[in-house]
Amino acid sequence: MARRVVITGLGAITPVGNSVKEYWESLKAGKCGISPITHFDPADFKVKIAAEVKDFDPKAYGDAKSMRRMELFSQYAVAASLEALSDSRLSMEAEDAFRVGVAIGSGIGSLQAMEAGVKRMAEKGPGRMDPLTVPRMISNMAAGNVAIRFGLRGKNINVVTACATGTHCIGEAMRSIQYGDADVMLAGGAEAPITPFGVGGFTVLTALSENPDPGTASRPFDKNRDGFVMGEGAGVLVLEELEHARKRRAHIYAELLGYGATCDAYHITSPAEDGSGAARAMQDAMKDAGLSPEEIDYINAHGTSTPLNDLFETRAIRLAFGDAAGKLRINSTKSMIGHLLGAAGGVEAIACVKSIEEGYVHVTRGLTESEQELDLDYCRGSGCAMDIRAALSNSLGFGGHNASLVIGKYRE
């Protein structure tokens, strides 16, 4: 029988706060984390806004030398992991380090290191490149740096599935604990894609909103949505085998009940038009959790604010939930923090945990009027207090990757 997996620690670096407390209070307040780009000069770009992390000081999370050797996405991962571990009160001195692992992914890795490496090679030749270009750049270095920083010697993986990365990492970490590969896993995602190459590439793909108003650029499920807003940050959860958590009298936030993962096998950027792939991921997650559609109260949607995603995800929810879809509360955290790509699943899972803990579902900011087929309850206008027995978190990635998690109230 698979072992039960609970959530005992949370850590977040986001565009609306550099701790879980700040992040959650901002979501409840409907605070917008989108603003003019400062990471580079966007004068020549169509898109001039993004959801940047503010006031981040890497030296607050480790010694200056070691943090300087990490790229920004790894720094975010280490910072979120430090908060999550501290929150969990896990003492590594009391643990077998080979039973504590990491599953923290990044959809891209470091575009900053890529850009700097190409520039230096062009200007000075290949022999003058920075020797650390590759280890700074590759996406598994978030997980690697977290393990090095905290001495975590167990399974260390980096699932890379574009915008579904964080959710897949949490799901695969759950499986690792369920079937005995680890007792504790740090799981989630980290991303820092706000660079000229990142913004330029997504702009010519016509994926980004060209709306210059930070307050209305990200408006999932709204009839005037025109693309997503690039975001950055990290979200990390401490997952733990139930008896291990009980033995050390850990605070248990919630239980990770189910995980579903599928592929549309349809198109490299567009979800399947009928929503069938995402629907099956949700159905598999509910089946894994042993729950019916009527027992899910809330969905944290992928909700990117792109014309196709929001429509096709709505179709997927209707397909997966049938008549129960009309009773669901659905929102999009991306309405306030933009799209954190590989980190989205991590911070959105944290939003689900806090929603369950406090009995509150935050507003989908910027949503004023939906088109005809978008007729579900997307938390327009305001958030609401409600009892949440179980929540479902969706992530959909380029390449047709779909991942869903079911998180529920912890019960003995």
Side-chain angles (χ1 to χ4, degrees), residues 1-12 20 80-81 84-85 87-88 90 99-105 154-155 157 159 161 164-189 235-248 250-262 281-292 295-300 302 333 343-358 388-395 402-412:
M1 182 177 177
R3 305 192 302 171
R4 292 173 67 183
V5 179
V6 293
I7 299 164
T8 59
L10 306 171
V20 171
S81 296
L85 278 170
D87 185 41
S88 74
L90 187 78
R99 300 291 298 168
V100 183
V102 182
I104 296 175
K155 175 184 279 192
I157 57 175
V159 180
T161 48
T165 292
T167 299
H168 275 126
C169 283
I170 295 168
E172 295 304 318
M174 171 189 178
R175 292 283 187 256
S176 296
I177 294 172
Q178 284 180 323
Y179 295 106
D181 291 345
D183 295 324
V184 182
M185 293 286 291
L186 271 69
V236 175
L237 297 84
V238 176
L239 308 184
E240 194 165 347
E241 190 272 325
L242 175 59
E243 293 307 319
H244 186 278
R246 281 175 172 165
K247 187 175 181 180
R248 67 180 191 87
H251 170 68
I252 296 174
Y253 281 103
E255 184 168 358
L256 191 50
L257 297 171
Y259 168 46
T262 65
M282 288 184 260
Q283 290 169 331
D284 286 354
M286 288 187 282
K287 181 179 179 182
D288 191 37
L291 298 178
S292 68
E295 293 174 290
I296 304 294
D297 299 305
Y298 157 54
I299 294 179
N300 189 296
H302 189 57
T333 302
V347 296
E348 290 162 12
I350 291 171
C352 288
V353 172
K354 295 300 290 182
S355 293
I356 291 168
E357 181 185 40
E358 296 195 11
I388 302 170
R389 298 165 296 174
L392 190 144
S393 181
N394 282 336
S395 292
N402 306 302
S404 297
L405 299 171
V406 173
I407 303 168
K409 278 188 177 180
Y410 167 65
R411 291 180 171 83
E412 294 286 346

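In this chain, numbering begins with 1 at the start of the sequence shown. Treat the numbers as computed from the prediction; the structure is a model and nothing was measured.
Judged purely by atom type and a 3.5 angstrom limit, R3 has no side-chain atom pairing as donor or acceptor with the backbone of L242. Between the side chain of D87 and the backbone N or O of L10 there is at least one donor-acceptor pair closer than 3.5 Å. Panel note: side chain D297, backbone R389; a donor-acceptor pair is recorded below 3.5 Å. Looking only at distances, no side-chain donor or acceptor of E348 sits under 3.5 Å from a matching main-chain atom of G345.
For the side chain to side chain contact (heavy atoms under 4.5 Å, CB included) test, residues two or more places apart in sequence or in another chain that qualify with A349 are I170, L237, I407. In terms of the side chain to side chain contact (heavy atoms under 4.5 Å, CB included) criterion, residue partners of A285 (sequence neighbours excluded) are, by chain and number, S404, V406. Taking E255 as the reference, R4 meet the salt bridge (charged side-chain N to carboxylate O under 4.0 Å, His left out) condition, with sequence neighbours excluded. Residues passing the side-chain hydrogen bond (donor to acceptor under 3.5 Å, both in side chains) test with T161, sequence neighbours excluded: H168. Residues satisfying the side chain to side chain contact (heavy atoms under 4.5 Å, CB included) criterion with K409, sequence neighbours excluded, are I356, D387, R411. Y259 is linked by a side-chain hydrogen bond (donor to acceptor under 3.5 Å, both in side chains) to E172, counting only residues two or more places apart in sequence or in another chain. Judged as a ring pair (Phe, Tyr, Trp, His ring centres under 6.0 Å), and not counting sequence neighbours, the contacts of Y253 are H251. In terms of the side-chain hydrogen bond (donor to acceptor under 3.5 Å, both in side chains) criterion, residue partners of R246 (sequence neighbours excluded) are, by chain and number, E243, Y410, E412. Checked against side-chain hydrogen bond (donor to acceptor under 3.5 Å, both in side chains), Q178 has the following partners two or more places apart in sequence or in another chain: R175.
Residue A351 comes nearest to T333 through the heavy atom pair CB-OG1, 3.9 Å, listed as atom of the first residue, atom of the second, then distance. The two residues K155 and S176 have their closest heavy-atom pair at NZ-OG, 3.0 Å. Summarising the geometry of A403 relative to T167, their closest heavy-atom pair is CB-CG2, 3.5 Å, with the distance given to 0.1 Å. A12 and A80 get closest at one heavy-atom pair: N-CB, 4.1 Å. The two residues I104 and L186 have their closest heavy-atom pair at CG1-O, 3.9 Å. Residues E240 and A245 share a closest heavy-atom pair of OE2-CA, 3.2 Å.
Here the SG-CD1 distance, from C352 to I299, works out to 9.5 Å after rounding to the nearest 0.5 Å. To the nearest 0.5 Å, the span separating OG on S292 from NZ on K287 amounts to 14.5 Å. The structure places SG of C169 at 11.0 Å from CG of L239, a figure rounded to the nearest 0.5 Å.
Residues T262 and N402 have side chains that bring a donor and an acceptor to within less than 3.5 angstrom of each other. Under the 3.5 Å distance criterion, with hydrogens and angles disregarded, a donor-acceptor pair is assigned to the side chains of Y298 and N300.
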Intermediate values then yes/no, side chain to side chain contact (heavy atoms under 4.5 Å, CB included), T8 and R248 | CA-CA 11 Å; T8 59; R248 67 180 191 87; 3.8 Å; yes
